[in-house]
Structure formats: structure tokens, C-alpha cells
Novice: 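My questions will all concern the structure given below.
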2 protein chains.
Amino acid sequence: MATNTAASLQPPLDTQAWLNGVRSAWQRSGLRITGPRLRVIETIVSYHAPFSAEQLYTDLCAHNEAPGRATVYRTIDQLHESGWLARIHGATGEEGYVPCHPGHLHHLVCTKCGQVMSFEGCNLEELLARIAAETGFSVEGHLLQLFGRCANCQNTLP
Amino acid sequence: MATNTAASLQPPLDTQAWLNGVRSAWQRSGLRITGPRLRVIETIVSYHAPFSAEQLYTDLCAHNEAPGRATVYRTIDQLHESGWLARIHGATGEEGYVPCHPGHLHHLVCTKCGQVMSFEGCNLEELLARIAAETGFSVEGHLLQLFGRCANCQNTLP
DNA sequence: GTCACTGCAAAAGGTTTGCAACGGA
DNA sequence: TCCGTTGCAAACCTTTTGCAGTGAC
């Protein structure tokens with residue numbers, strides 16, 4: 001039943017590949033590649049931790065030619081809906097976005113530095129089957145996110 | 001290694017027990033039991049789906065003697081921090097609260113009617129160990145939520 | 001009587017919207 | 001040229017805050 005028995009770790013985001021992926025996705029969908037949009041995605045790949053919409057806008061404002069607030073929000077929405085941006089739920093409630101490739105992924109978040117790693121294959125089949133049997137629910141989806149300390153942050157103080 | 005091999009399903013929320021639990025928790029912590037707070041928790045147990053702060057305030061306003069907005073928000077914060085209210089992440093991004101008993105729980109949300117069931121014991125030890133080994137992270141916590149259709153909603157149209 | 005709690009009203013913060021001008025394809 | 005995109009500014013919605021009065025214990 002489970003064809004995917006091992007969790008497969010994703011390599012850290014290749015920013016060049018991500019930028020290219022977004023550009024060609026835009027092209028394929030007939031969306032226009034404009035200066036403001038490019039500035040948005042270039043700033044996104046510069047982050048090493050989840051970011052918020054307002055933070056992205058503020059950072060863009062610190063440079064010349066910042067896009068308007070509306071453009072930033074609209075571009076984020078687009079990327080999120082097409083799967084190029086994942087929503088991250090912080091361990092303490094904050095929300096943020098992280099660049100990723102479209103597909104079913106889970107995230108592992110460092111609670112110290114914010115670094116995020118992705119993995120797919122979560123082996124929940126057994127649990128889901130049991131829950132379904134016990135509750136009568138038909139389980140259709142799930143949200144799984146892990147929190148911890150990355151290798152670099154394990155030996156540092158809080 | 002895994003001492004907890006079966007997921008244990010929680011019975012549906014016993015509203016009387018929840019109300020009593022909250023009251024005695026307040027008492028134990030030296031918090032005062034006031035009219036406005038009681039009106040808040042009584043409205044909370046009347047819900048059958050996750051609710052937002054503003055929705056709770058609005059519903060309270062529809063009756064006499066509604067607490068002020070600040071009181072509603074402050075009471076929600078308190079209940080959330082002490083574990084009597086769980087944050088629910090909707091399948092499509094909306095956030096909400098659901099009454100629950102303090103402890104480590106996961107939630108199963110009906111995407112049609114919003115009904116929420118809780119369970120504990122998620123058997124993730126193996127997955128967590130593998131991820132830890134592959135990434136060098138020390139995994140310290142996780143967020144797991146399931147989405148599906150409850151027994152009542154399975155045979156109804158979208 | 002004391003001190004935590006409350007309500008109000010204002011401020012703060014984040015996000016969305018309408019619309020005229022702009023500019024990729 | 002055409003139509004999607006942009007920027008602006010205002011509107012909107014949710015949440016937070018300060019403070020004087022109130023009320024639980």
C-alpha cells in the first residue's frame with residue numbers, strides 16, 4: 001500500500017533553479033515578467049528564514065525602485081497559490097512564507113535561526129487509516145511541520 | 001522505543017467538563033471569575049466549529065451584556081496560553097480556535113462542517129528519528145493536523 | 001480595601017480595493 | 001495595440017494599548 005516508505009529529504013533550495021522555475025511558470029501561464037515582480041522574487045531568495053509580506057515590502061523599500069505595497073501582496077498571493085511559496089506556521093504562532101517547488105511537502109524549521117528544510121514522504125498511512133477507522137472520517141489531507149534546532153544552532157545558547 | 005503505539009482518540013468535548021475545568025484552572029491560578037469571562041466561555045462551548053476572535057466578539061454583541069472587545073481578546077489569549085483553547089489551521093488558510101483540554105493533542109477537522117476531533121499519540125518517532133539523522137537537526141516538536149470529511153458530511157455534495 | 005479586571009476609544013498593524021496610468025508581449 | 005500590471009491612497013479589518021472606573025475576593 002505504501003509505495004513511499006522512506007521520507008525523502010529535499011536538497012536546500014537552489015535559488016537559481018527556483019528563480020528560473022518561477023519565471024518559466026509565469027511564462028507558461030501567460031503572466032508577464034515585469035521589473036517589480038522580478039525585484040520581489042529576487043528579494044525572496046535572499047532570505048534564510050520565513051518572511052512576512054510586510055517584512056518583504058519593507059525590505060524592498062530599503063532599496064531603490066521598490067514596488068508598491070499592492071504589487072508585493074499580489075505577487076506573494078500568486079506565488080503561494082501556484083505552489084512556489086509555502087506557508088510556514090512558527091512554533092510560537094507567527095506565520096511566514098518560504099520559497100519552495102510545487103508539490104506536497106513538509107517543512108522542518110529551526111527555532112533558533114529560522115532555517116527551513118523540506119521533505120516529502122511522511123509515512124502517515126498507518127496512522128491515517130487508524131484514525132479514519134476510529135472516527136468515521138475520510139481523511140483527505142494533512143498538515144505536518146517539525147520544529148527543532150539545526151546542526152549549527154544545537155550547541156549555541158538559547 | 002515507541003511506548004505509545006496506538007493513536008488514542010479523544011471523546012468529543014464534554015462542554016460541562018470543559019467549563020468546570022476552565023473555572024477551576026482560573027481559581028487555582030488566582031484569576032477572578034467574572035461575568036464577562038463567563039459569558040465568553042459559555043459562548044465558546046456553543047460553537048461546533050473553529051471560531052475567530054472577531055466572530056466571538058460579534059456573536060457576544062448579538063446578546064445583551066456583551067463584554068468589551070478587549071476583554072474578549074484578553075480572555076482568548078489566556079485560555080490559549082493555558083492550553084484550554086487550541087489554534088486550528090484551516091485547510092485553506094483560515095485560522096481559528098477550538099476548546100480543548102491542556103496537553104499534547106492533534107486535531108482532525110471536517111472540511112465541510114468544521115467539526116473537530118482530537119487525538120493524541122501520533123507515532124511519528126520513526127519518521128522524526130530518520131529526519132533527525134538525515135538533516136542533523138534535533139527535532140523538538142511538531143504540528144500535525146488532519147483534514148477530511150466527517151461521517152455525516154461524506155455523502156453530501158460539496 | 002486592594003488590586004485584578006473591565007470598557008471605552010483611540011491607535012496600531014496588516015491586508016485589500018478602486019481606479020487611472022503604464023508597459024510587456 | 002491590447003490587456004495585464006502597477007502605484008497610489010483610501011478603506012477595511014483585526015488586534016493592541018492606555019487609562020480611569022469597577023468589582024471580585
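Just so it is clear: chains get the letters A, B, ... in the order the sequence lines come, proteins before strands, and each one is counted from 1.
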Novice: Mind calculating the distance between CD (A:Gln78) and C1' (D:dG4) to the nearest angstrom?
Specialist: 10 Å

Novice: Among D:dC25, C:dA25, D:dT6, find the nucleotide with the atom closest to the side chain of A:Pro36.
Specialist: D:dT6

Novice: Please report, rounded to the nearest Å, how far the P atom of D:dT15 is from the CD atom of A:Glu95.
Specialist: 12 Å

Novice: If you pin B:Arg32 and B:Pro67 to their nearest nucleotides in DNA chain C, which one's is more 5'?
Specialist: B:Arg32

Novice: Mind calculating the distance between CG (A:Asp77) and C1' (D:dT6) to the nearest angstrom?
Specialist: 16 Å

Novice: Would you say A:Thr34 reaches C:dG23's phosphate, i.e. side-chain N/O to OP1/OP2 under 4.0 Å?
Specialist: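 Negative; the distance criterion is not met.
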
Novice: Measuring centre to centre across the rings, with the benzene-like ring taken for any Trp, is B:His80 within less than 6.0 Å of B:Tyr97?
Specialist: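 Under 6.0 Å, so yes.
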
Novice: Return the value, rounded to whole Å, for the distance between atom CZ of A:Arg39 and atom C1' of D:dT6.
Specialist: 11 Å

Novice: Could you tell me the separation between the CG atom of A:Leu79 and the P atom of D:dT5, rounded to a whole number of Å?
Specialist: 12 Å

Novice: What is the distance from CD of A:Glu65 to C1' of D:dT6, rounded to the nearest Å?
Specialist: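 It is 13 Å, rounded to the nearest whole Å.
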
Novice: Using only atom types and a distance under 3.5 Å, with no angle test, would you say the side chain of A:Trp18 pairs donor to acceptor with the backbone of A:Cys100?
Specialist: yes

Novice: As a test of reading the structure: which of C:dG14, D:dT16, C:dT16 is closest to the side chain of A:Arg69, going by heavy atoms?
Specialist: C:dT16

Novice: Given D:dT5, D:dC25, D:dG7, identify the nucleotide with an atom nearest to the side chain of A:Thr71.
Specialist: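 The answer is D:dG7.
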
Novice: A:Gln27 has an atom CD; how far is it from atom P of C:dA25, in whole Å?
Specialist: 7 Å

Novice: Looking at B:His142 versus A:His106, is the centre-to-centre ring distance below 6.0 Å?
Specialist: no

Novice: Would you indicate what B:Arg37 reaches in the nucleic acid, counting non-hydrogen atoms under 4.0 angstrom: base, sugar-phosphate, or nothing?
Specialist: sugar-phosphate

Novice: CH2 of B:Trp26 versus C1' of D:dG23: gap in Å, rounded?
Specialist: 16 Å

Novice: Need to verify one output field. Residue with the more 5' nearest nucleotide on DNA chain D, A:Thr75 or B:Ser52?
Specialist: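 The residue whose closest nucleotide sits nearer the 5' end is A:Thr75.
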
Novice: Below 4.0 angstrom from OP1 or OP2 of C:dT15, is there any side-chain N or O of A:Tyr73?
Specialist: yes

Novice: For the side chain of A:Arg74 and the base of D:dG4, is some donor closer than 3.5 Å to an acceptor across the two?
Specialist: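 Under the 3.5 Å cut-off, the side chain and the base do not form any donor-acceptor pair.
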
Novice: Measure from the side-chain N and O atoms of A:Thr58 to the backbone N and O of A:Glu54, and report whether any donor-acceptor pair falls under 3.5 Å.
Specialist: yes

Novice: Can you work out whether B:Glu54 or A:Tyr57 has the more 5'-proximal nearest nucleotide on DNA chain D?
Specialist: A:Tyr57

Novice: Please answer whether the main-chain N or O of B:Ala132 pairs with a side-chain N or O of B:Glu134 as donor and acceptor at a distance below 3.5 Å.
Specialist: no

Novice: Between D:dT17, C:dG14, D:dC2, which nucleotide gets closest to the side-chain atoms of B:Ala70?
Specialist: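 It is D:dT17.
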
